[in-house]
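Computed from a prediction, not measured in an experiment: that's the story for all the values here.
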Amino acid sequence: MGRDLIQKHHVKKGNRTAPKSQDVYLSLLVKLYRFLARRTDSKFNKVVLKRLFMSRVNRPPISVARLSKYLAGKEGKIAVVVGTVTDDIRLLEVPKMTVAALRVTSAARARIIKAGGEILTFDQLALRSPLGKGTVLLRGPKNSREAVKHFGTPGKPGSHAKPYVRSKGRKFERARGRRASRGYKN
């Protein structure tokens with residue numbers, strides 16, 4: 001008797017081997033980091049290459065405030081973000097820092113440069129630090145998206161999932177199960 005294969009046929013690897021985006025500049029960066037990942041023993045280059053392939057959801061933005069928090073006590077190091085760096089008006093004073101990112105918003109760019117900082121592109125980073133020495137590889141909070149708040153079953157006991165509601169008022173999903181005076185409260 002033959003035995004049943006649990007995984008029938010040829011099973012493809014799930015990881016991306018190239019970015020989905022048609023952006024020519026991104027494909028040039030992929031070409032560069034593919035070379036560096038292959039020809040150097042640096043794990044940094046392999047990680048950067050893998051992150052260049054990622055979808056937009058998996059490349060969450062990071063704010064200037066978070067960057068300054070993670071770079072505290074790491075003077076002279078380059079913050080590397082495979083994604084977008086955004087501004088944070090709650091941070092009153094931006095410290096001097098060197099940032100390498102795929103994209104930096106105009107407000108964040110202005111504040112970093114005003115503080116005497118520097119913004120690099122990934123090809124400039126490859127020239128300055130081909131092995132990733134003297135860098136801090138960072139990424140933004142992935143679960144801060146609004147969509148993540150809705151994951152799960154709203155109304156289920158113990159669940160904090162946010163329901164999709166037309167409006168947030170007294171008349172909207174505030175009755176049974178939401179207040180003690182209307183049956184029960186979870």
Flag, side chain of Arg174 to backbone of Arg179, donor-acceptor distance under 3.5 Å: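 Judged by distance alone, no pair lies under 3.5 Å.
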
Check whether any side-chain N or O of Thr135 sits under 3.5 Å from a backbone N or O of Leu137 as a donor-acceptor pair, and report yes or no.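 No, Thr135 side chain to Leu137 backbone: no donor-acceptor pair under 3.5 Å.
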
Candidate list Arg103, Arg51, Met54, test side-chain contact (heavy atoms from CB on, under 4.5 Å), partner Arg59, passing option: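 Among the candidates, only Met54 passes.
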
Can you give me the closest heavy-atom contact between [X] and [Y], atom names plus distance?
X	Y	answer
Ile89	Arg111	CA-NH1, 4.0 Å
Ser55	Arg16	N-NH1, 3.6 Å
Glu173	Tyr164	OE2-O, 4.2 Å
Pro60	Pro141	CB-O, 3.6 Å
Ser68	Pro95	CB-CG, 3.5 Å
Asp87	Ala107	OD2-CB, 3.7 Å

Working to the nearest 0.5 Å, report the span between [atom1] of [X] and [atom2] of [Y].
X	Y	atom1	atom2	result
Asp41	Leu131	CG	CG	8.5 Å
Thr98	Glu75	OG1	CD	11.0 Å
Arg38	Arg34	CZ	CZ	9.5 Å
Ile62	Thr84	CD1	OG1	11.0 Å
Leu52	Ser27	CG	OG	10.5 Å
Asp123	Leu28	CG	CG	9.0 Å

Mind running side chain to side chain donor-acceptor pair (under 3.5 Å) on Thr40 and Asn45 for me, showing each step along the way? CA-CA 8 Å; Thr40 61; Asn45 290 326; 3.1 Å; yes

As a quick check of understanding, evaluate side chain to side chain contact (heavy atoms under 4.5 Å, CB included) for Val136 and Val80, giving each step before the final call. CA-CA 6 Å; Val136 183; Val80 179; over 6 Å; no

Is there a path of hydrophobic side-chain contacts, each under 4.5 Å between heavy atoms of I, L, V, M, F, W or Y residues, that connects [X] with [Y]?
X	Y	answer
Leu138	Val82	no
Ile112	Ile78	no
Phe44	Val99	no
Val47	Leu120	yes
Val85	Leu26	no

Test of understanding: with side chain to side chain donor-acceptor pair (under 3.5 Å), list the residues that count as partners of Lys149, not counting sequence neighbours.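 For Lys149, no residue satisfies side chain to side chain donor-acceptor pair (under 3.5 Å) once neighbours in sequence are set aside.
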
List the atom pairs, donor and acceptor, that lie under 3.5 Å between side-chain atoms in residues 154-162 and the rest of the protein, sequence neighbours left out.
{"from": "Ser159", "atom 1": "OG", "to": "Thr153", "atom 2": "O", "distance (Å)": "2.7"}
{"from": "Ser159", "atom 1": "OG", "to": "Ala161", "atom 2": "N", "distance (Å)": "3.2"}
{"from": "Lys162", "atom 1": "NZ", "to": "Glu146", "atom 2": "OE2", "distance (Å)": "3.0"}

Under 6.0 Å from the [atom1] atom of [X], do we count more than 12 heavy atoms belonging to anything else shown?
X	atom1	result
Tyr25	OH	no
Arg166	CZ	no
Arg139	CZ	no
Arg176	CZ	no

Pair Leu67, Val81 - check side chain to side chain contact (heavy atoms under 4.5 Å, CB included), show working. CA-CA 9 Å; Leu67 281 183; Val81 181; 3.9 Å; yes

Are any non-hydrogen side-chain atoms of [X] and [Y] less than 4.5 angstrom apart?
X	Y	result
Val30	Pro19	yes
Asp88	Val94	no
Lys133	Ser42	no

Ion pair check, Glu118 and Arg128, cut-off under 4.0 Å: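 Judged by the 4.0 Å cut-off on N to carboxylate O distance, Glu118 and Arg128 do form a salt bridge.
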
Nonpolar side-chain network containing Val148, other nodes, edges under 4.5 Å: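 Its cluster mates, by chain and number, are Phe151.
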
Angle class for the Phe122/Tyr33 ring planes (parallel below 30°, perpendicular above 60°, tilted otherwise)?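 It falls in the perpendicular class, over 60°.
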
Passes side chain to side chain contact (heavy atoms under 4.5 Å, CB included), Ile119 versus Arg109? Steps please. CA-CA 7 Å; Ile119 293 161; Arg109 186 181 293 274; 3.5 Å; yes

